[in-house]
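The structure appears below as structure tokens.
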Amino acid sequence: MTKSDSHQTENTPRDRSVESLEALPSDFVESLSGRVASLQQALLAWYAQQGRDLPWRQTRDPYAIWISEIMLQQTQVKTVLPYYERWLRQFPTVTALAQADQQTVLKAWEGLGYYARARNLHRAAQAIVADHGGEFPSTFDAAIALPGIGRTTAGGILSAAFNQPVAILDGNVKRVLARLIALRTPPSKALDRLWLWSERLLPTDNPRDFNQALMDLGATLCTRHRPACLLCPWQSACAAYNQNVQLEIPMTEARAPLPHKQIGVGVVWNEQGQILIDRRLQEGLLGGLWEFPGGKIEPGETVEDCIRRELQEELAIEVEVGDRLMTINHTYTHFKVTLNVFHCRHTAGEPQPIECDEVRWVEVSELEEFPFPKANSQIIDAIKAL
DNA sequence: TACCCGTGGGT
DNA sequence: TACCCAAGGGT
């Protein structure tokens, strides 16, 4: 471990040293640094007039703000709104969340995606009850120690709930700052510099409104496409605008095309008209959610062969594969799938949870009680319509 | 440090 | 269509 590593880990705020800003032309850094107070005032004035009215801004309850911050990770405001309202009615306090069972928590999260966020929220609530008397901690070190809370989320919560001067660097702020300094590399290659600017610009007297304003600027004016530079309070200082490169910044990195997997899925019926579902392992994709059993079709294998093999390997049952129920295409973050869904008749074997956490027979009317991934909702709808 | 982890909307 | 992106964190 080097000397600098010993006191700078990924999750702790960096020093506000001017040295690290030297990758930019020194005259520009000097110019921008001299305008910090002016930029702060301009943004806060704009926010007072044009800031969004969002429900989590009408409270200073750190629990409610925490919930909003987690839901908003990689998720648009419009998507979050109904989930946020429902969640606070269902789990109004840290203690209520801690005492719920995980299936109830995942059901409330169903459809939002990135389900580790819900599992971590649940674990963190239990940690807050155990270690902090049920009150969300008010220090950076305690907050960031909780599962699911990184540097940006900790800053978002502490500044919004307690008005603490802790910087943030979410997608909005990265884009705004990258344009402000005309960053010539993808933001992921310059996180240190972006963090420094976020800290440098943050006023100590009103960090709450400033962080919110910075995010609103990115979400409403400094958008990826068609940025409204003519309305921007930072227009005159913005290096990208002054060089007319705002559409090229932030720069993006090329990505490999997504692999496509063919999946065989069985809707397995027993003599009582019940259906077999299983609960996925806690770790990995869709952890803790329920699904209709199946798996990847191997090269040269028919869908029917695949379903028979997977149900034997994963659940130790034998089935007779019947008619195709439907075909579903779905895109995940790192791959695409085609779900080939077939009716199956259970013929032998007591289902065993070999490669899942739990397996059970359920009535059609019970399906909606279980949290399922979005790609399975069409299957449920089709079964209920039979 | 790359890579993993969902879903809906915009272009 | 296919791709990008949206209030990131864990490993």
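Lettering of chains follows the sequences in order, A, B, ..., and the numbering in each one begins at 1. No experiment lies behind these values; they were computed from the predicted model shown.
Checked by distance alone, Arg255(A) brings no side-chain donor or acceptor within 3.5 Å of a matching partner on the base of dA2(C). Side-chain N/O atoms of Thr75(A) and base N/O atoms of dG6(B) include a donor-acceptor pair closer than 3.5 Å. A donor and an acceptor atom never sit less than 3.5 Å apart when one is taken from the side chain of Thr152(A) and the other from the base of dG8(C).
Checking dG8(C), dG10(C), dC5(B) against the side-chain heavy atoms of Asp170(A) singles out dG8(C) as nearest. For Thr252(A), the listed nucleotide lying nearest its side chain is dC4(C); candidates were dC4(C), dT7(B), dG10(C). Comparing atom distances between the Arg57(A) side chain and each of dG6(B), dA7(C), dA6(C) picks out dA7(C) as nearest. The side chain of Asn120(A) lies closest to dG10(C), out of dA7(C), dG10(C), dG6(B). In this structure, the nucleotide among dG8(C), dC3(C), dG6(B) sitting nearest to the side chain of Leu285(A) is dG6(B). Candidate nucleotides dG6(B), dA7(C), dG9(B) were compared by shortest atom distance to the side chain of Leu286(A), and dG6(B) ranks first. Listed nucleotides dG9(C), dA7(C), dT7(B) differ in distance to Tyr332(A); the shortest reach to its side chain belongs to dT7(B).
The side-chain tip of Arg151(A) points at the ring of Trp195(A) from less than 6.0 angstrom away and within 45° of straight on.
Nearer to the 5' terminus of DNA chain C, by closest-nucleotide assignment, is the contact made by Arg224(A) (compared with the other of Glu283(A) and Arg224(A)). Mapped onto DNA chain C by nearest heavy atom, Leu146(A) and Pro250(A) fall at different nucleotides, with Pro250(A) at the one closer to the 5' end. If Thr333(A) and Arg226(A) are placed on DNA chain B by their nearest nucleotide, the residue sitting closer to the 5' end is Thr333(A). Of the residues near DNA chain B, His225(A) and Lys189(A), the one whose nearest nucleotide (by heavy atom distance) lies more toward the 5' end is Lys189(A).
Taking atom CG on Leu258(A) and atom P on dA2(C), their separation rounds to 11 Å, with Å as the unit. Across the protein-nucleic acid pair, Trp195(A) atom CH2 and dA7(C) atom C1' stand 12 Å apart, rounded to whole Å. Distance, Leu81(A) CG to dA6(C) P: 18 Å, rounded to whole Å. When the C1' atom of dG8(B) is taken as reference, atom OH of Tyr83(A) falls 10 Å away, rounded to whole Å. Distance CG (Leu191(A)) to C1' (dG9(C)): 13 Å, rounded to an integer number of Å. The NE2-C1' distance, from His334(A) to dC5(B), rounds to 6 Å in whole Å. If you take CD of Glu253(A) and C1' of dC3(C), they are 15 Å apart, rounded to a whole angstrom. Distance CD (Glu248(A)) to C1' (dC4(C)): 16 Å, rounded to an integer number of Å.
No engagement by Arg119(A) is indicated, since no non-hydrogen atom pair under 4.0 Å with the nucleic acid exists. Using a 4.0 Å heavy-atom distance criterion, Gln212(A) is classed as a base contact. Nucleic acid contact class of Ile149(A) (heavy atoms, under 4.0 Å, all strands): sugar-phosphate only. No contact: Trp109(A) has no heavy atom under 4.0 Å from any strand. Contacts of Pro373(A) with the nucleic acid, taken as non-hydrogen atoms under 4.0 Å apart, involve only primed sugar atoms and P, OP1 or OP2. Among the heavy atoms of the strands lying under 4.0 Å from Leu54(A) is at least one base atom, whether or not backbone atoms are also near. Looking at heavy-atom distances under 4.0 Å, Gly156(A) makes no contact with the nucleic acid at all. Among the heavy atoms of the strands, none lies under 4.0 Å from Gly218(A).
A salt bridge links Arg309(A) with Glu313(A): the distance from a Lys NZ or Arg NE/NH1/NH2 to an Asp or Glu carboxylate oxygen falls below 4.0 Å.
Near DNA chain C, meaning a heavy atom under 4.0 Å away, the residues from residues 58-73 of chain A are Glu69(A), Leu72(A), Gln73(A).
Classification of the Tyr84(A)-Trp56(A) ring pair by plane angle, with boundaries at 30° and 60°, yields perpendicular. Taking the six-membered ring for Trp and thresholds of 30 and 60 degrees, Phe372(A) and Phe370(A) have ring planes more than 60 degrees apart, a perpendicular arrangement.
The salt bridge (Lys or Arg N to Asp or Glu O under 4.0 Å) pairs that include a residue from residues 95-122 of chain A are Lys107(A)-Glu110(A), where partners are two or more places apart or lie in different chains.
When side chains are defined from C-beta on, Thr338(A) counts as touching Asn340(A), because their heavy atoms get closer than 4.5 Å.
Between Gln76(A) and dG9(B) there is no side-chain N or O to OP1 or OP2 distance below 4.0 Å. Proximity of Lys78(A) to the phosphate of dG8(B): no side-chain N or O atom is located under 4.0 Å from OP1 or OP2. Contact check, Thr79(A) against dT7(B): no side-chain N or O comes under 4.0 Å of OP1 or OP2.
Pairing each heavy atom of Leu221(A) with each of Leu231(A), the nearest pair is CD1-O, 3.5 Å.
The aromatic ring centroids of Tyr83(A) and Trp87(A) lie 6.0 Å or more from each other.
Here, dG10(C) and dT1(B) have their P atoms 16 Å apart, quoted to the whole Å. The gap from the C1' atom of dA7(C) to that of dC3(B) amounts to 22 Å, rounded to the nearest Å. Taking the P atoms as reference points, dG9(C) lies 22 Å from dG8(B), given to the whole Å.
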- prompt: Given the rule in the side-chain hydrogen bond (donor to acceptor under 3.5 Å, both in side chains) test, do Arg324(A) and Thr327(A) qualify, once you have shown the distances and angles that lead to the verdict?
  reply: CA-CA 8 Å; Arg324(A) 179 183 290 265; Thr327(A) 305; 2.8 Å; yes
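Base pairing of dG10(C) is made with dC3(B), judged by Watson-Crick or G-U wobble geometry with both donor-acceptor distances under 3.5 Å.
Ser236(A) and Arg35(A) form a side-chain donor-acceptor contact under 3.5 Å, judged by distance and modelled atom types alone.
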